[in-house]
Amino acid sequence: MRSTEAQKYITPGTEEPKFLPEGPRMMSVSGHSVLVWVNIQTAALATTGNLHAHHTEELLDDFSMPCPGRPGFSLPVLNGDKALVGVEKQLRVCDLATAEWSDSLATIPDNNPRTIINDGEVVPGGRAVVFGTKDTHFKEPIAHLYLWTADDNRVSVLADKQLCSNGKVFRTDDRGLILYDIDTPTKKVVRYRLDVASRTATPDGVAIDLAEQVGFPDGMCDCGDGTVIIAFYNPDYADAGKAIRFDLATGKAVEEWTTPGSPRVTCPLLVQRPDGVKLILTTATEGMPAEVRARCPNAGCLFIADTHLDACPEPELVRIP
């Protein structure tokens, strides 16, 4: 299996932004191409996080902004400048150009103080988002998988009894729309038949069994060719972290990328650059004892790597009326 070593791309200047970076996305801000990601929280007991942005054109300075809570995801909104952000138990819009936040568009029907919004993905067409929550103690299956629809700001439960809802990818076949979903501790990519009109997700088997992989599956991105890339969060010490590409039809691993000095890989993103398709990976320091952190000098950095892919899917944009 082909293995490619990723290179350090962005090194935050302090420990706080290295704690739990996730969800990298390409967005447009004031007409410029910007890589945006969330830092869910800035320390183990922190109750707030940040949005971070890197100008890929290297014309302007990078920037970050505080969030009104812990953000789980940020998704690009049609026409630029804005992101739909899942923060704590609410969906809100952040204007990245002005750092202004909207009032809540919707709130999840869950009052458990241990659950917050985690990963999310735009449903093809842009009129809906599927997202999940997580138990912040990572102990009990008290989290849910949700559907939000933009036209009515309605939130519905698609599945319950999850623990840490993470990567999501959509595909279509002759039967309709498929949602591939990761509930991290199960170490499986589960297939659902998603019906947005009826607001249901019907289980349709396990697409990929990850039981033999080291670490826990976290974020996931679509390669557009029937394969997906999954980031693996290794809670133990390792010389490097991994992201692995899998075939959805066979469940078999195809190739891997490694992140030297950073074992806790959280999310992948494919981006089209003039010199080809690149893979961006976020990594974290979350939960590292001091002795492990000292042995993982690149933990919390963002990485970039070459791929052999000819193209990658265009990002779906949220269409808010």
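Because the structure is predicted, anything quoted here is derived from the model rather than measured.
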Side-chain donor-acceptor pair under 3.5 Å between [X] and [Y], yes or no?
X      : Y      : value
Asp183 : Thr186 : no
Ser64  : Asn50  : no
Tyr233 : Glu286 : yes
Glu256 : Ser3   : yes
Thr227 : Arg245 : yes

Could you give me the CA-CA distance, side-chain angles and deciding distance for Val318 and Val129, then say whether side chain to side chain contact (heavy atoms under 4.5 Å, CB included) is met?
-> CA-CA 8 Å; Val318 183; Val129 170; 4.2 Å; yes
Taking the six-membered ring for Trp, are His54 and Tyr9 ring centroids under 6.0 Å apart?
-> yes
Test Leu51 against Leu96 for side chain to side chain contact (heavy atoms under 4.5 Å, CB included), laying out the working first.
-> CA-CA 9 Å; Leu51 289 179; Leu96 299 170; 3.9 Å; yes
I'd like to know if [X] and [Y] make a salt bridge, using a cut-off of under 4.0 Å between side-chain N and carboxylate O.
X      : Y      : value
Glu15  : Arg293 : yes
Arg92  : Asp103 : no
Arg2   : Glu255 : yes
Arg193 : Asp204 : yes
Asp222 : Arg171 : yes
Arg25  : Glu316 : no
Lys278 : Asp275 : yes

Please round to the nearest 0.5 Å and tell me the distance separating atom [atom1] of [X] and atom [atom2] of [Y].
X      : Y      : atom1 : atom2 : value
Leu269 : Leu35  : CG    : CG    : 6.5 Å
Ile40  : Phe19  : CD1   : CZ    : 9.5 Å
Leu317 : Asn79  : CG    : CG    : 8.5 Å
Tyr237 : Cys296 : OH    : SG    : 5.5 Å

Are [X] and [Y] in one and the same hydrophobic cluster, where Ile, Leu, Val, Met, Phe, Trp and Tyr link if side-chain heavy atoms are under 4.5 Å apart?
X      : Y      : value
Phe131 : Leu84  : yes
Val36  : Phe73  : no
Val85  : Leu105 : no

If you count every heavy atom of other residues, nucleotides or ligands that lies below 6.0 Å from [X] atom [atom1], does the total exceed 12?
X      : atom1 : value
Glu291 : CD    : yes
Lys89  : NZ    : yes
Lys82  : NZ    : no
Asp151 : CG    : yes

With Lys168 as the cation and Tyr180 as the aromatic partner, state whether NZ or CZ is under 6.0 Å from the six-membered ring centre and within 45° of the axis.
-> no
Where does the angle between the aromatic ring planes of Phe216 and Phe138 fall among parallel (under 30°), tilted (30 to 60°) and perpendicular (over 60°)?
-> perpendicular
Given the options Thr115, Asp181, Thr133, Val130, Ser165 meets side-chain contact (heavy atoms from CB on, under 4.5 Å) only with Asp181
Apply side chain to side chain contact (heavy atoms under 4.5 Å, CB included) to the pair Asp306 and Leu279, showing each step before the final yes or no.
-> CA-CA 6 Å; Asp306 293 332; Leu279 174 64; over 6 Å; no
Are Thr11 and Cys301 close enough, and set up right, to give a side chain to side chain contact (heavy atoms under 4.5 Å, CB included), and what steps lead you there?
-> CA-CA 5 Å; Thr11 302; Cys301 294; 3.6 Å; yes
Report the residue from Arg70, Lys134, Arg114 that forms a salt bridge (Lys or Arg N to Asp or Glu O under 4.0 Å) with Glu88.
-> Arg70
Considering all heavy atoms of both residues, which atom of Thr282 and which atom of Gly23 are nearest to each other, and what is their separation?
-> OG1-N, 4.4 Å
